[in-house]
Amino acid sequence: MEDRLTVYNTLTRRVERFVPNVPGKVAMYTCGPTVYHFAHIGNLRSYIQEDVLEKTLRYLGYDVKRVMNITDVGHLSDDGDNGEDKMVKGAQREHKTVMEIAKYYTDAFFEDCKKLNIKMPDVVEPATNCIPEFIHMIEVLLEKGYAYRAGENVYFDTSKLKEYYVLTNHSEDSLLEGVRDDVDVDPNKKNKNDFVLWFTKSKFEDQALKWDSPWGVGYPGWHIECSCISMKHLGEYMDIHCGGVDNIFPHHTNEIAQSESYIGHKWCNYWFHVNHLNDKNGKMSKSKGGILTVSVIEEKGYDPLVYRMFCLQSHYRKPLEFSYDVMDQVKVSYEKLRRRISSLSGEGTVDETVFAQYRTQFEDALCNDINTASAVTVLYDVLKADTNDATKKALAKSFDEVLGLDLTEPLPQKEDSTDGELAAWVEEMIAKRAEAKKAKDFATADAIRAELLSRGVQIKDTREGVVWELIEQN
Ligand code: AMP
Ligand code: ZN
């Protein structure tokens, strides 16, 4: 098969043609969640975009094996080796054990994924399942001289590498997100960026989970898990590794350092990073509290897939600011799109030539560094195209394998029967009001708005069109 996908590779800092190690097969790894709290919709932006990447690869015909870890030990509140253990902190907050909260939030994460049509990875492995593998890798790193023992911990020695900053443009200043000035420098470290592979002299007396090791009872640092879990399931050669941009340093930088020192050759060819979802105050983060979750979005009346569409309309490499105004606009377009597709009769036979032509356009958009906004535009072009409904419906169904928007699923119950009639009437009134406004007949436009209101329907003008909702009537 021809390798058509081009994608931005953080390692080379350019958009490149994606060519897997074994033709037609892709070994893909994703850093999974730290399960001390619900995932916020920022985390889920990363997982939605990675899901689209995986589904694009499958759509193009690759045989993909995707592995994800679950971080249930070792991730400190700073991404380096400072601060408290996030899991222990979460357990204390909820008066539960670490394993109880790990289970609870892992389940919650996959429920959220399901609501957002994010496919379950082929392999999901919690860090606490792989302690023997971590110990083995650390032993090899010690033997090879890439690690040292100090203050009863084991550290990775970054000075042993020719190129430690391989992922980060070799610029120390621009990336020190995880290494802040206000934290104590660990006196055991030989070099500023050395990182802990194994803690035995815990700074946390109350560390809940500890294991025996050749260096005493202790627990692993955060980074080792992704190197070990990926190699356990994907071997020593990986094609593509994903995460949010905050993972570039120190997490992915350290993963490369220890993996390549361990195996003695290049490990992963492509690094795919999703930019952040921000709110008004900057990067959305779990530790800030008051986080936006899928449940919050649902409580506010949005189908979680509206959020998926919200993400698909922007490019994964650009920061994205969350706003309810934009969500309202997306909700309107999403509902219109679903109604439009459900109104297709499906009659006729699929025109294979037209189908192939639009499928190629759709693939081209995705092959252009996963341009989801263009891919969605191709869907709109299909709906306007001069072809029969059967072809349009078949294309929508096919595109949905990647877009994951339930495009050809039956509309929710409330759209049927009485509610369906109401919706049709409201749409008709909105269209009449638009005509009146266009003719500058504002009296009629206002009268229509008042009539809608008298039937409990409130309308709001947005950039994307008119949004309406049913309000409580006294
Ligand atoms: P965590 O659960 O903190 O380990 O993060 C899970 C994933 O979400 C990682 O790939 C992070 O890089 C990513 N992530 C964290 N914050 C954001 C954000 N605000 N926007 C997008 N992705 C994020
Ligand atoms: Zn990771």
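Residues take their numbers from the sequence shown, with the count starting at 1. Both ligands and their constituent atoms are indexed starting at 1 by order of listing.
Polar contact check, Asn43 against ligand 1: a nitrogen or oxygen pair lies under 3.5 Å apart. Residue contacts with ligand 1: Asn275 is placed with no nitrogen or oxygen under 3.5 Å of a nitrogen or oxygen of the ligand (distance criterion only). Annotation: Met284 places an N or O atom under 3.5 Å from an N or O atom of ligand 1; distance criterion only. In terms of polar-atom proximity, defined here as any N/O pair under 3.5 Å, Val245 makes no such contact with ligand 1. Looking at Cys31 next to ligand 1, no N or O pair under 3.5 Å apart turns up.
More than 12 heavy atoms of other residues, nucleotides or ligands sit less than 6.0 Å from atom NZ of Lys232. Counting heavy atoms of neighbouring residues, nucleotides and ligands inside a 6.0 Å radius, atom OH of Tyr148 exceeds 12 of them. Taking a 6.0 Å sphere around NZ of Lys397, one finds it holds 12 or fewer heavy atoms contributed by other residues, nucleotides or ligands. Around the NZ atom of Lys460, the shell of radius 6.0 Å holds no more than 12 heavy atoms that belong to other residues, nucleotides or ligands.
Distance check for His223 against the Zn ion (ligand 2): none of its N/O/S atoms falls below 2.8 Å. Because the distance cut-off is set at 2.8 Å, Cys31 qualifies as a neighbour of the Zn ion (ligand 2) through one of its N, O or S atoms.
Between Lys115 and Glu298 a salt bridge is recorded (basic side-chain N to carboxylate O distance below 4.0 Å).
Close approach of ligand 1 to Ser46 is summarised as follows: ligand atoms under 4.0 Å from at least one heavy atom of the residue are 13 (C), 21 (C), 22 (N), 23 (C). Per-residue contacts place Gly243 under 4.0 angstrom from the following atoms of ligand 1 (heavy atoms of the residue considered): 10 (O). The Asn247 neighbourhood of ligand 1 comprises atoms 9 (C), 10 (O), 11 (C), 12 (O), with distances under 4.0 Å to a heavy atom of that residue. Listed by number with element, the atoms of ligand 1 under 4.0 angstrom from any heavy atom of His276 are 17 (C), 18 (C), 19 (N), 20 (N), 21 (C), 22 (N), 23 (C).
Looking at Glu255, its N, O or S atom nearest to the Zn ion (ligand 2) turns out to be OE2.
Judged by the shortest distance from any of its heavy atoms, Thr71 lies outside the 4.0 Å radius around the atoms of ligand 1. Not close to ligand 1: His273, with no non-hydrogen atom less than 4.0 angstrom away.
Of the possible polar contacts, one joining the Asp303 side chain to the Leu305 backbone as a donor-acceptor pair under 3.5 Å is found.
Taking the side chain as every heavy atom from C-beta outward, His265 and Tyr237 approach each other to under 4.5 Å.
Of all non-hydrogen atoms in Thr200 and Asn153, the two that sit nearest each other are N-OD1, 2.9 Å. Here the closest non-hydrogen pair linking Glu139 and Pro214 is OE2-CG, 3.4 Å.
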